[in-house]
Amino acid sequence: MSAIALLMGLLLLSYVGSLIIGGRTARGLPSGVEFIGLGFAVGPHALGLVERSMINEFEPLVQVALGWLAFVVGLDFGRAGGRRVRAKPMVLGMFCAVLTGGTVAFAVNRMLASYPIAGIDASGGLLLAAGAGVVTAETTRFVVQWVAVRLKVQGPVSDLLVEIAAADDLAPLVAAGAIFAFVPKADVSLSLHAGGWFLLSLSLGGLIGTVTALLLREAEGYAVWGALIGTLLLGVGTSTRFGLCTIFVTFVMGIALAGISPHRRALRRMVSPTERAVLYPMLLLAGAHLDARPLLEDRMLVALVALVLIGRIVGKLLSGFVLRAVVPAARPAGPLFGIVLLSSGPVSVSCGFVFALRFPGRIGDTLLVCAAASAVLGELVSTYALKNLLTQLGEATTAAPEAPPPAPAIPEAAAEALVHTTSTIPPAPTSSAGELS
Amino acid sequence: MSSAGAHGKTWLGRGMDLLSLGILFAIMWGATYMAPGYKGEAAVLGALGFLLLAGTLLSELVEVLGMPHLTGYLFAGIIAGPHVLHLIEHESVKRLEPVNTLAIALIALAGGAELRLETLKKGLRGLLLALGLQTILGISLMAVVFFLARPGFVAGMPTLAVVGVSILWGVVSITRSPSACLGVLSQTRASGPLARFSLGFVMASDVVVVVMLATAITVARPLIEPGSTFSFSAFSSLGHEILGSVSLGTTLGLVLAAYLKVSGRQLLVVLIALGFGATEVLHYLNYEPLLTFMVAGFVVQNLSKQGDKFIHAIEETGGVVYVVFFACAGAHLNVPLLKDFWPTALLLTGARAAVTVGVARLASTLAKDDPAIRKYGWGPLISQAGVAIGIASVIASKFPSFGPGFRDVAIACVALNEMVGPVLFKLAIDRAKEAQGPTASLDDADEAPPAASS
């Protein structure tokens, strides 16, 4: 397959992704894991239709896609269904992510201390443990949306889950930024300690977000897209050049822009429809990048991945206990409430992917496998558990949700955002609970 | 390429633009000098983002001076490029060439779609006369000027050979810049006789130039290389190229029109796929992408009712692409070469401008064109860009004995025309009072009542 053919395939996926935003039936799985599977199938380690060298050629595209997704998350951070996330669920969401990530990281660290894996030294072990915590921390924002497409969802538990899922992206992204700060690039003339690199990441994201806000003051027409794309590319390019975590930088950029720009509402309306269009090609490339050979060569790595999954289950179960203890409305959900938090998605895979790109080899590959395995586990267990739970609690009824208006095409969305006479945040593609993306 | 002026940008706003530009240069400078020698993909991404932003900001700033936005894009590329501040390496500029592929496809599609048969018919006589005179007189007069000027690289060549080279120079002189023309028209949203004439002339001249190049090479070769024979072989491949491009362009146009009618969604993705995918196929078939896409755009506009929708979609996509395209052109601009060859370049450029203005006035008087065309019809004809450099490169590869010198002088001339031409065209459009209003801004989107939930 030539690079142009692969590009056409990715564009086709992007086309499909943007078309199904507003559809009710063909939404795919919440984590988009089927695209990872497709990528793996056509990738160099399965059918070999896409070669490794070609995937490397597409690395800039991947970096930009990852950056864009994190930027979208940042721009909409702290909001769910068009509303601000309340303070309590916000804190709880972050806490649950830290608890799960911390549990996994601790378990991996202990395992590596007891049973060292060949080719992974002490610092590599720390990196692997911390990375495992990062790729397993979140609960995807799409899981409740997935259920909401099929059932009419309304109630305190679903609202709580929506808010938790919207708030918990912060922890893994900040952690990824911090981890990258500990491993600066060797060919940079600037010498800083880890805190300095982290501050630099933060400042870069904040500065670029501020510049974007300045640029968008009086921007018109396609200049708005130009400013968004330009600042994103500059952010991704500069952070990659310094070896900083691109997704952290662009996430901060999104938060800064949302905080400063008076046009944040219009921007969210413009940008939201692009999320799926960018996500699917990225997931396909993540799947193609997935290299399971280190796991086949070393069974200890298989054990490590299994431990990561177990750690995630334990972490989420603990999170469930905490939620039930703190939020009375969640108590009827039962002791296995945490199971419904197991769904992971784009943020986890993005984190896994940036680690795989920045630390190629056993560590990066293993972390990407962990992210993919975590997404599969979530699909197998969590999505249906959530559906059953919400049905049992009476928050989901089988009455078909109201047909959403078709989502606008990307340029149409931009045009609409620019000329719309009402700036009320438009209804998300699905129901109220689905207004996440 | 937004029309900020009409929205009334304040001095504070301009100051903010300047501040933003300063921050951008600082970030880029920091990245370049703290991670020196970095040649990875991130450098290309950073360069792309920087050119896009710096180009947009500079375009707003040069607007104060009445200059077109694309001059701002060009300056951004020149200043940050490998010949001035070195913030963007030559390698990065080269790796950004796929953007040019996309831009050329969009420019040609837009150019074709802007050509409406009805309006073309109205000014057909004037257009054909202008094309004919600019081609015949343009080539002849510029060949004479070149022969008399005899730049350094033809010194020592026999007189007949210099005549041959002069004919080739004549062909380079009649090339125009569809991208610059569309760039200015897109910014000003010009509408009127001059805008229609400009578009029709510049787009059609592209086809004429391809034919004239083949003719000139056929005629000039025996003069330059006395041992070679007179051969029409160049016309055989030219016929294949032109007919193939027109046929494929028509098919593509019909398919696009059908798609626009049936679905019409996600045109951004479709246009990107066309820009990259179809161009690759066209290169493989040895067809001319510019002509193919132009025909496709023309078919969509004139054989369907989807023209306006199509133009709108291209404007949405193209706006961003044009900034990078012109900024890259600026970064590509060989400033040292211009420094070396400036006396020759100035002479040839000045002569070309004089010939172009004179012939344009003659043609429009003979054709009894609209007063706006009679006065300012020369406006879009000064700019030169990629087509001229492309033709100079073809000549350089066909005639290695003098080719490099020929190409260098051509690039120096194009550099001047590229900087001056759009300014003159914008001036012509403004004087002819054909510029229109601005597009909607984010402010317009925010003017509605606040969201209840936020």
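Residue numbering restarts at 1 for every chain, and letters A, B, ... go by the order of the sequence lines.
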Segment of B:Leu52 engaging chain A (4.5 angstrom heavy-atom cut-off): side chain
For B:Leu57, is it the side chain, the backbone, both or neither that has a heavy atom under 4.5 Å from a heavy atom of chain A? side chain
Greatest number of heavy atom pairs closer than 4.5 Å to chain B - which of A:Leu234, A:Ile208, A:Val236: A:Leu234
With chain B, which of A:Ser239, A:Gly235, A:Gly230 has the greatest number of heavy-atom pairs at distances under 4.5 Å? A:Gly230
Below 4.5 Å from any heavy atom of chain B, which atoms of A:Leu207 appear? Answer side chain, backbone, both or neither. side chain
Name all residues meeting the side chain to side chain contact (heavy atoms under 4.5 Å, CB included) criterion together with B:Val281; count only those two or more places apart in sequence or in a different chain, and write none if there are none. B:Leu285
Does atom NE2 of B:His90 have more than 12 heavy-atom neighbours from other groups under 6.0 Å away? no
Got a second to check how far [X]'s [atom1] is from [Y]'s [atom2], nearest 0.5 Å?
X	Y	atom1	atom2	value
B:Thr10	A:Arg217	OG1	CZ	7.5 Å
A:Leu192	B:Met34	CG	CE	8.5 Å
B:Met16	A:Leu215	CE	CG	11.5 Å

Full working for side-chain contact (heavy atoms from CB on, under 4.5 Å) between A:Leu204 and B:Ile27: CA-CA 8 Å; A:Leu204 186 63; B:Ile27 292 174; 4.2 Å; yes
Do B:Leu53 and A:Thr212 have side chains that approach each other closer than 4.5 Å (heavy atoms only, starting at C-beta)? no
Only one of B:Leu45, B:Val44, B:Leu48 clears side-chain contact (heavy atoms from CB on, under 4.5 Å) with A:Pro60; which? B:Leu45
